[in-house]
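Heavy atoms only: backbone and side chains are in, while hydrogens, waters and symmetry mates are out. Position 1 is the first residue of the sequence; numbering continues from there.
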Amino acid sequence: MPLSIDAQLRDALKLRDISTRTFAAIAKLEGIKNASQPQLDKAFKETAGGALSGDTAEKLWGLWCELELMVFETYAFSPWAVMALDDGERVHTSLQIFRGCQTLRGKEDETNSGDEQ
């Protein structure tokens with residue numbers, strides 16, 4: 001039986017040593033509702049039946065995947081870089097910068113693709 005999004009998210013946060021407090025702060029800054037620290041703590045308890053709603057879980061998982069991509073690319077392109085993931089506001093600011101870079105990279109890729117025609 002596959003793990004629920006709640007369980008996958010719980011395991012992913014543990015892997016990166018990100019607290020529910022920090023992740024809830026990032027989610028709040030992203031405008032994701034029903035993702036406070038108490039709600040996440042309740043959902044992540046293995047025996048509790050307090051699962052996140054489908055929409056909230058999907059938004060949180062999407063946010064998590066984007067954070068993972070940011071961490072991966074940071075280490076892949078700047079292996080000397082250290083990314084602190086313990087402050088929600090700082091992580092959210094880094095995520096906004098990362099998104100801007102992704103947008104610029106996409107435009108650069110489109111420009112380069114146009115040159116080949």
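- Taking the salt bridge (charged side-chain N to carboxylate O under 4.0 Å, His left out) definition, one finds that Glu73 meets it with Arg105, sequence neighbours left out.
- Scored by the side-chain hydrogen bond (donor to acceptor under 3.5 Å, both in side chains) test, Asp86 finds Arg90 as partners (sequence neighbours excluded).
- Applying the salt bridge (charged side-chain N to carboxylate O under 4.0 Å, His left out) rule to Asp87 yields no partners; only residues at least two apart in sequence or on another chain are considered.
- Listed by first and then second residue, the salt bridge (charged side-chain N to carboxylate O under 4.0 Å, His left out) pairs that reach into residues 19-37 are Glu30-Arg99, sequence neighbours excluded.
- Nearest heavy atoms, Leu40 versus Phe23: CD1-CD2, 4.0 Å.
- Applying the salt bridge (charged side-chain N to carboxylate O under 4.0 Å, His left out) criterion to Asp55, with sequence neighbours excluded, gives Lys59.
- Listed by chain and number, the residues in a side chain to side chain contact (heavy atoms under 4.5 Å, CB included) with Ser36 are Pro38, Gln39 (sequence neighbours excluded).
- With sequence neighbours excluded, the residues satisfying side-chain hydrogen bond (donor to acceptor under 3.5 Å, both in side chains) with Ser19 are Thr22.
- The salt bridge (charged side-chain N to carboxylate O under 4.0 Å, His left out) test applied to Glu68 returns Arg16, not counting sequence neighbours.
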Applying side-chain contact (heavy atoms from CB on, under 4.5 Å), run through Thr93 and Phe98 and close with a yes or a no. CA-CA 9 Å; Thr93 299; Phe98 175 74; over 6 Å; no
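- Under the side chain to side chain contact (heavy atoms under 4.5 Å, CB included) criterion, Ala7 pairs with Leu3, Ser4, Arg10, not counting sequence neighbours.
- Qualifying side chain to side chain contact (heavy atoms under 4.5 Å, CB included) partners for Ala25, counting only residues two or more places apart in sequence or in other chains: none.
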